[in-house]
Amino acid sequence: MSDWENNVRKAVPYIPGEQPKSTGVIKLNTNENPYPPSPAATAALEAFNTDEMRLYPAPDASQLVDAIAETYGVKSSQVFVGVGSDDVIAMAFMTFFNSDRPVLFPDITYSFYDVWADIYRIPYEQIPLTEDFRIRPEDYIRPNGGIIFPNPNAPTGVLESVETIKKIVESNPSSVVIIDEAYIDFGGTSVLPLTEKYDNLLVVQTFSKSRSMAGMRIGYAIGSEKLIKYMNDVKFSVNSYTMNRVTIACGAAAVRDRTCLEQTCAKIITTREAAKKELAQRGFTFPDSMSNFIFARPRNIPAKTVFEKLRLRNIFVRHWDKPVIGDYLRITIGTDEEMQALYRALDEILQEG
Ligand code: PMP
């Protein structure tokens, strides 16, 4: 090892789901939306004047921030935007989690949280979920330096009630509580209204899932003006121009299209409910999902084998080679046609044994 390597910030990076280069793949591995984004986004893209590329974007991305604020009935000073919710959450970790006490999150959850905690040298404690993958609010009533979890949780898809979250927020006035609502539009109830009452609650959402815009990278946080001001101070101390002009224009147009959002989510929910029946018929067990994926455990055959055999058939799902979750596959809800192809492939694989 060279001497200078002693001074390198060493990291074990997050591993995103595979993005296959080949076409003709059925991609059910990264919780993308199989339907197109709002036509308003397409129109905004077509109207985009490339001469604008010469110019820096607005550092406060106000066009996008205002559109989000208007959509959710909050002030623009209560909205923070970033390059996907990954960027937003990373900023939130840097801004709010600076205590010697551990940040708390579930042991089975979004696998980026411990990566951010490690890179920012934040102590953390992973709280075991119950046997049926639920969060016990009592477990989050102990000294801590902050709390974060997704609702619905990932990769389980399990939704916690507004009451559960309210109890956790109410019991932790000395910490910032971040609820990562990446999948909330697929049937859950957002805790956004609670941000009016609790100035330590930050709600994070994304355009990547319900708004079919993962490729544009737009995430946002809504919270008290105080929280958002602190986040912006940190953001403007790292990189002022995170949101590019095309993204700002397309995002601002898309977020106002509630009809597209609702129709797309309704289709995915219908397909998901049908998928629950199809998978159960094939012996899979799973916690009840309120997201755009199902965390399913095959019977009598290792999840890894199913994963590999699906992959050979050009159907990509997600599998983690880790204890407990290694018994499961996370299957993103695709179109009805894609799901039919999945069921046919599963029938073949299960027959082969
Ligand atoms: N939170 C959770 C729980 C997720 O599953 C994801 C998607 N990987 C994200 C946040 C980040 O999504 P994005 O950066 O695309 O908004």
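In this chain, numbering begins with 1 at the start of the sequence shown. Since the model is a prediction, treat every value here as computed from it, not as a measurement. Atoms within a ligand are numbered from 1 in the order they appear, just like the ligands themselves.
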Colleague: Have a look at ligand 1 and work out which part of Asp86, if any, has a heavy atom under 4.0 Å from it: side chain, backbone, both or neither.
Modeller: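 Answer for Asp86: both.
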
Colleague: Identify the protein heavy atom lying closest to atom 3 (C) of ligand 1, giving its residue, its atom name and the separation to 0.1 Å.
Modeller: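 Minimum-distance protein heavy atom for atom 3 (C) of ligand 1 reads Asp180 OD2, 3.3 Å.
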
Colleague: Identify, for atom 12 (O) of ligand 1, the protein heavy atom at the shortest distance, and state residue, atom and that distance.
Modeller: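 Ranked first by proximity to atom 12 (O) of ligand 1 is Ser85 OG, 3.3 Å.
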
Colleague: Provide, to 0.1 Å, the distance between atom 8 (N) of ligand 1 and the closest protein heavy atom, together with that atom's residue and name.
Modeller: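 I find the closest protein heavy atom is Tyr110 OH, 3.1 Å.
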
Colleague: What is the closest protein heavy atom to atom 7 (C) of ligand 1, and at what distance does it sit?
Modeller: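 Result: Lys209 NZ, 3.1 Å.
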
Colleague: If the threshold is 4.0 Å, N to carboxylate O, is there a salt bridge linking Glu32 and Lys209?
Modeller: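 No.
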
Colleague: Does Tyr183, backbone or side chain, put an N or O under 3.5 Å from an N or O of ligand 1?
Modeller: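 Checking ligand 1 against Tyr183, an N or O pair does fall under 3.5 Å apart.
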
Colleague: Both conditions, 6.0 Å and 45 degrees, for the charged tip of Arg282 above the ring of Phe284: are they met here?
Modeller: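 Verdict for Phe284: no cation-pi partner in Arg282.
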
Colleague: Is any side-chain N of the basic residue among Lys276 and Glu273 closer than 4.0 Å to the acidic one's carboxylate O?
Modeller: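 Yes.
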
Colleague: Is it true that the side chains of Asn172 and Asn200 contain a donor and an acceptor less than 3.5 Å apart?
Modeller: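 Checked: Asn172/Asn200 side chains show no N/O donor-acceptor pair below 3.5 Å.
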
Colleague: Look at the side-chain heavy atoms of Ile, Leu, Val, Met, Phe, Trp and Tyr, link any pair under 4.5 Å apart, and say whether Tyr220 and Ile179 land in one connected group.
Modeller: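 Tyr220 and Ile179: one cluster.
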
Colleague: Heavy-atom distance to atom 14 (O) of ligand 1: which of Arg330, Met213, Arg217 wins?
Modeller: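 Checking each option, the heavy atom nearest atom 14 (O) of ligand 1 is found in Arg217.
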
Colleague: Check whether any side-chain N or O of Asp180 sits under 3.5 Å from a backbone N or O of Ala182 as a donor-acceptor pair, and report yes or no.
Modeller: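 Yes: the side chain of Asp180 pairs with the backbone of Ala182.
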
Colleague: Would you say OH of Tyr230 has more than 12 non-hydrogen atoms from neighbouring residues, nucleotides or ligands within 6.0 angstrom?
Modeller: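 Open.
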
Colleague: Using a 4.0 Å cutoff against the non-hydrogen atoms of Gly84, which atoms of ligand 1 qualify?
Modeller: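 Atoms satisfying the 4.0 Å criterion: 14 (O), 16 (O).
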
Colleague: For atom 15 (O) of ligand 1, which protein heavy atom lies nearest, and how many Å away is it?
Modeller: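 Here the closest protein heavy atom is Ser208 OG, 2.6 Å.
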
